[in-house]
Amino acid sequence: MNHFLDIHVTPADDLSAIIANARRMKDARDGLPKGTPDAEQPLAGQMVALIFEKPSTRTRVSFDVGVRQMGGQTMVLSGTDMQLGHGETIADTARVLSRYVDLIMIRTFEEQTLLDMAEYASVPVINGLTNRTHPCQIMADIMTFEEHNGPIKGKKVVWSGDGNNVFASFAHAAKQFDFDLVFTGPPPLDPDPALDGLYTIMRNPNEAVQGADLVVTDTWVSMHDPQSARERRHNQLRGYQVNDALMAKAKPDALFMHCLPAHREDEATSSVMDGPHSVIFDEAENRLHAQKAIMRYCLGR
Ligand code: CP
Ligand code: NVA
């Protein structure tokens, strides 16, 4: 049994194998209606709990559909509806759930909640986003990059904006998949110091994106950020918007990514999001395929 807690704590060979398996499963489904079961049914008889303490569209639907395509069953649980939201400990919740289900995916606030779930559960636990990281997203993003532009090894990836949880998983991936990562953003929104050494900082976005193979951004205000910080963050980040002028400084075949949900005309313009460099909806689709491969890895099926 394997947990999937973060990219930096999963062996690089396992990460590559997961992406290869995701691509194989995606190809095998090519052209089939979404509700068609996979020819392989590795999750037959398996029950999966999907716990959300924060909102979600992509993670919720892609995990649910993925489990069903592989022959398993799901239950989607909201943190506030569970005793978890009323003071029951994570440890007790983990031990109880392990008596009912075969796999737990959790989207939560504090990383410690995820770690406690993994420590006390006797079934695999998958990180569906915490305040600190979002590894499933970046597995889909690596898969998407390689589908379009080949191996990501040695490529230049530029992140423009907030040094947030999605950036952190890109930083972990930079080491595991051996690509160069540049962060461009304002000093108050620099990434977690724990990520130092995994990326370089360039304050000027126009210089940072020179020669980029991939330009990435994300919302300026994450779900765990106080709404009171919204105006200040917008003022700090305005100069880091990904627009046509910025994309024009990247390589001609550069890709643009955003994990979504986006705030159009804030962190990225619609002209970029809907433009020729954008692969945002391929990223969203690949959440499904990548997570199916992650679940198989966790369950050893
Ligand atoms: N990208 C992502 O995780 O989207 P959701 O918040 O909709 O799940
Ligand atoms: N950084 C964003 C990602 C959402 C998928 C957040 O945490 O809200």
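Positions are given from 1 along the sequence. Each ligand, and each atom within it, is numbered from 1 in the order the structure gives.
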Show me which atoms of ligand 1 lie under 4.0 Å from any heavy atom of Cys259. 1 (N)
Is a salt bridge present between Arg203 and Asp190, judged by a nitrogen-to-oxygen distance below 4.0 Å? yes
How long is the straight-line distance from CG of Asn165 back to OG1 of Thr133, given to the nearest 0.5 Å? 7.5 Å
Any salt bridge linking Glu146 with Arg23? Criterion: basic side-chain nitrogen under 4.0 Å from a carboxylate oxygen. yes
Taking a 3.5 Å cut-off between nitrogen or oxygen atoms, can you list every pair linking ligand 2 to the protein, with distances?
unit_1	atom_1	unit_2	atom_2	d
ligand 2	1 (N)	Asn164	ND2	3.4
ligand 2	1 (N)	Asn165	OD1	2.8
ligand 2	1 (N)	Asp218	OD2	2.7
ligand 2	1 (N)	Ser222	OG	2.7
ligand 2	7 (O)	Asn165	ND2	2.8
ligand 2	8 (O)	Met223	N	2.8

Does Lys155 come within less than 4.0 Å of Asp180, counting only side-chain N to carboxylate O? no
Give me the nearest non-hydrogen protein atom to atom 2 (C) of ligand 1 as residue plus atom name, then the distance to 0.1 Å. Arg287 NH1, 3.3 Å
Checking a contact table here: which protein heavy atom is nearest atom 6 (O) of ligand 1, and how many Å away? Arg107 NH1, 2.8 Å
Angle class for the Phe170/Phe179 ring planes (parallel below 30°, perpendicular above 60°, tilted otherwise)? perpendicular
For atom 4 (O) of ligand 1, grab the closest protein heavy atom and report residue, atom and distance to one decimal in Å. Arg58 NE, 2.8 Å
Close aromatic pair by centroid cut-off 6.0 Å: Phe167 and Tyr199: yes
His234/Trp220 aromatic ring centres below 6.0 Å: yes
Taking the non-hydrogen atoms of Lys54, is any one of them nearer than 4.0 angstrom to ligand 1? no
Can you get from Ile201 to Val158 by hopping between Ile, Leu, Val, Met, Phe, Trp and Tyr side chains that sit under 4.5 Å apart? no
Can you find a non-hydrogen atom of Leu260 under 4.0 Å from ligand 1? yes
Which residue holds the protein heavy atom closest to atom 7 (O) of ligand 1, what is that atom called, and what is the gap in Å? Thr57 N, 2.7 Å
Any nitrogen or oxygen of Met223 lying under 3.5 Å from a nitrogen or oxygen in ligand 1? Just yes or no. no
Would Arg60 count as a contact residue for ligand 1, given that I'm defining contact as a non-hydrogen atom of the residue lying under 4.0 Å from a ligand atom? no
Could you tell me whether the side chain of Thr93 and the main chain of Thr89 form a donor-acceptor pair under 3.5 Å? yes
Less than 4.0 Å between a side-chain N and a carboxylate O, is that true for Lys153 and Asp178? yes
